[in-house]
> 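Pasting a structure below so you can have a look.
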Amino acid sequence: MKKTAKKKTIRNNIIRLRDKMPALERKEKSKMLTQNIVALDEFGRANTVMFFATWRSEPDTLPIIKKSLLMQKNVVLPKVEKGRGKNKLLPIRIESPENDLREGVWGIREPYKRENIVPDRKIDLVFVPAVAFDGAGNRIGYGGGFYDGFLKNIPLSKRIGVGFEFQVLRKIPFGNKDVRVKKIITEKGVKTCFRTPHS
Ligand SMILES: Nc1ncnc2c1ncn2[C@@H]1O[C@H](COP(=O)(O)OP(=O)(O)OP(=O)(O)O)[C@@H](O)[C@H]1O
Ligand SMILES: [Mg+2]
């Protein structure tokens with residue numbers, strides 16, 4: 001099977017499993033995941049943190065967004081920018097998840113105040129959503145290449161994957177445009193990703 005076809009199969013299978021997770025289980029696991037983020041050293045030190053707004057069956061990020069705002073951190077979320085052939089993510093600061101988000105493309109809630117765009121170099125940590133990861137930090141997203149395009153300008157040490165434990169697979173296919181993460185946080189804890197000659 002070709003790499004892109006393999007990625008597609010993994011996407012379909014994992015999303016189906018994640019959609020099947022009971023709401024209560026998702027809530028409990030999201031709570032544990034939030035605690036694991038709060039306990040992270042680099043989170044404590046970070047002034048500006050980028051999260052993502054929960055879409056469908058993704059982990060619930062609203063608690064960690066609120067917690068970060070209470071801790072006086074700058075909170076940044078992505079806005080999908082659809083351009084002529086170049087789709088990209090714009091990092092925009094929000095002050096309130098209730099007031100500063102609107103429904104964007106594909107029904108994903110996103111910030112809209114372009115005057116609050118944050119330069120990449122000001123972002124201390126990026127929490128990255130995914131459909132699947134592997135132990136080397138490789139990542140499969142929804143297939144748009146949006147995060148790949150954005151993360152290539154963010155140093156590896158600042159990229160932290162977020163997902164449920166069952167989304168971390170032994171090995172996933174990856175290409176030269178796929179951008180890795182340094183750590184992966186799940187409800188079970190934090191993994192630091194190491195690259196071997198084959199990963
Ligand atoms: N950095 C990039 N610049 C331009 N195109 C890219 C980049 N990364 C990926 N692409 C293109 O985007 C398409 C989807 O890539 P891929 O399947 O890796 O997406 P993904 O990693 O699942 O999505 P995302 O990163 O948005 O979560 C591919 O055609 C790929 O060539
Ligand atoms: Mg990719």
Side-chain angles (χ1 to χ4, degrees), residues 1-19 30 33 37 49-61 64-65 76-92 101 103-112 117-121 123 125-186 191 193-196 198-199:
M1 225 197 299
K2 271 189 62 191
K3 213 180 276 177
T4 46
K6 276 191 188 162
K7 279 187 180 178
K8 200 170 170 187
T9 304
I10 293 172
R11 261 185 212 113
N12 291 340
N13 290 338
I14 299 287
I15 290 176
R16 190 177 326 117
L17 278 176
R18 201 179 59 188
D19 284 347
S30 297
L33 209 156
I37 293 177
V49 286
M50 179 160 164
F51 292 108
F52 54 91
T54 303
W55 183 68
R56 288 178 53 176
S57 54
E58 285 177 345
D60 183 8
T61 55
I64 189 65
I65 289 172
V76 176
L77 267 76
K79 171 173 171 53
V80 174
E81 180 91 324
K82 296 193 88 173
R84 305 158 298 280
K86 45 171 192 180
N87 299 332
K88 59 177 199 168
L89 293 185
L90 287 179
I92 299 184
L101 299 177
E103 202 155 288
V105 273
W106 305 300
I108 304 173
R109 285 166 66 73
E110 58 177 36
Y112 59 95
I117 293 177
V118 175
D120 294 348
R121 66 187 147 73
I123 304 174
L125 277 184
V126 180
F127 291 92
V128 186
V131 174
F133 295 105
D134 70 15
N138 294 307
R139 168 182 173 279
I140 294 177
Y142 291 106
F146 291 98
Y147 265 96
D148 286 327
F150 174 72
L151 291 175
K152 65 174 191 257
N153 304 315
I154 302 285
L156 175 63
S157 62
K158 299 184 176 181
R159 308 176 202 143
I160 305 201
V162 174
F164 297 116
E165 189 72 21
F166 80 92
Q167 294 175 265
V168 185
L169 310 182
R170 203 179 55 80
K171 211 168 186 296
I172 61 176
F174 60 93
N176 59 178
K177 282 186 175 161
D178 288 323
V179 177
R180 292 181 298 136
V181 294
K182 180 65 199 179
K183 293 186 179 182
I184 301 169
I185 305 201
T186 75
K191 296 174 226 306
C193 304
F194 295 103
R195 207 174 186 182
T196 68
H198 305 291
S199 63

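One-based numbering, in listed order, for ligands and for the atoms of each. What's counted below: heavy atoms across the whole structure, side chains too, no hydrogens, waters or symmetry copies.
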> Treating Glu110 as the side-chain partner and Val80 as the backbone partner, does any N or O pair qualify as donor plus acceptor under 3.5 Å?
yes
> Below 4.0 angstrom from a heavy atom of Tyr147, which ligand 1 atoms are there? Numbered from 1 as shown, please.
24 (P), 25 (O), 26 (O)
> Quick check: does Phe146 get an N/O under 3.5 Å from an N/O on ligand 1?
yes
> Under 3.5 Å, is there a donor-acceptor pair between the side chain of Arg159 and the main chain of Val126?
no
> When you check the gap from the basic side-chain N to the acidic O, do Lys3 and Asp178 get nearer than 4.0 Å?
no
> Can you report which non-hydrogen protein atom sits closest to atom 2 (C) of ligand 1, along with the distance?
Lys177 CD, 3.9 Å
> Does atom 29 (O) of ligand 1 have a protein non-hydrogen atom under 4.0 Å from it?
no
> Just to the nearest 10 degrees, tell me the angle at the Mg ion (ligand 2) spanned by Asp148 OD2 and Asp178 OD1.
100°
> Which atoms of ligand 1 are found less than 4.0 Å from any heavy atom of Gly141?
20 (P), 21 (O), 22 (O), 23 (O), 27 (O)
> Which label fits Trp55 and Tyr142: parallel for a plane angle under 30°, tilted from 30 to 60°, or perpendicular past 60°?
perpendicular
> Would you say atom 14 (C) of ligand 1 touches the protein, meaning some protein heavy atom is under 4.0 Å from it?
yes
> Angle between ring planes, Tyr147 versus Phe150, binned at 30° and 60°: parallel, tilted or perpendicular?
perpendicular
> Who's the nearest protein heavy-atom neighbour of atom 24 (P) of ligand 1, and how far?
Gly145 N, 3.5 Å
> Give the contacting part of Asp178 toward ligand 1: side chain, backbone, both or neither, where contact means a heavy-atom distance below 4.0 Å.
side chain
> Which atoms of ligand 1 sit under 4.0 Å from any heavy atom of Gly149?
1 (N)
> Working to the nearest 0.5 Å, report the span between CD1 of Ile140 and CD1 of Ile15.
10.0 Å
> Rounded to the nearest 0.5 Å, what separates atom NZ in Lys152 from atom CG in Asp120?
10.5 Å
> Between Arg11, Arg139, Lys7, flag the one that comes closest to atom 22 (O) of ligand 1 by a heavy atom.
Arg11
> Among protein heavy atoms, which sits nearest to atom 21 (O) of ligand 1, and what does the distance come to when rounded to 0.1 Å?
Asp148 OD2, 2.9 Å
> Would you please test Thr61 and Phe127 for side-chain contact (heavy atoms from CB on, under 4.5 Å) and show each step?
CA-CA 10 Å; Thr61 55; Phe127 291 92; over 6 Å; no
> Check Arg18 against Ser57 and note the closest heavy-atom contact, atom names and distance.
NE-OG, 3.0 Å
> What protein heavy atom is closest to atom 3 (N) of ligand 1, reported as residue, atom name and distance in Å?
Lys152 NZ, 4.0 Å
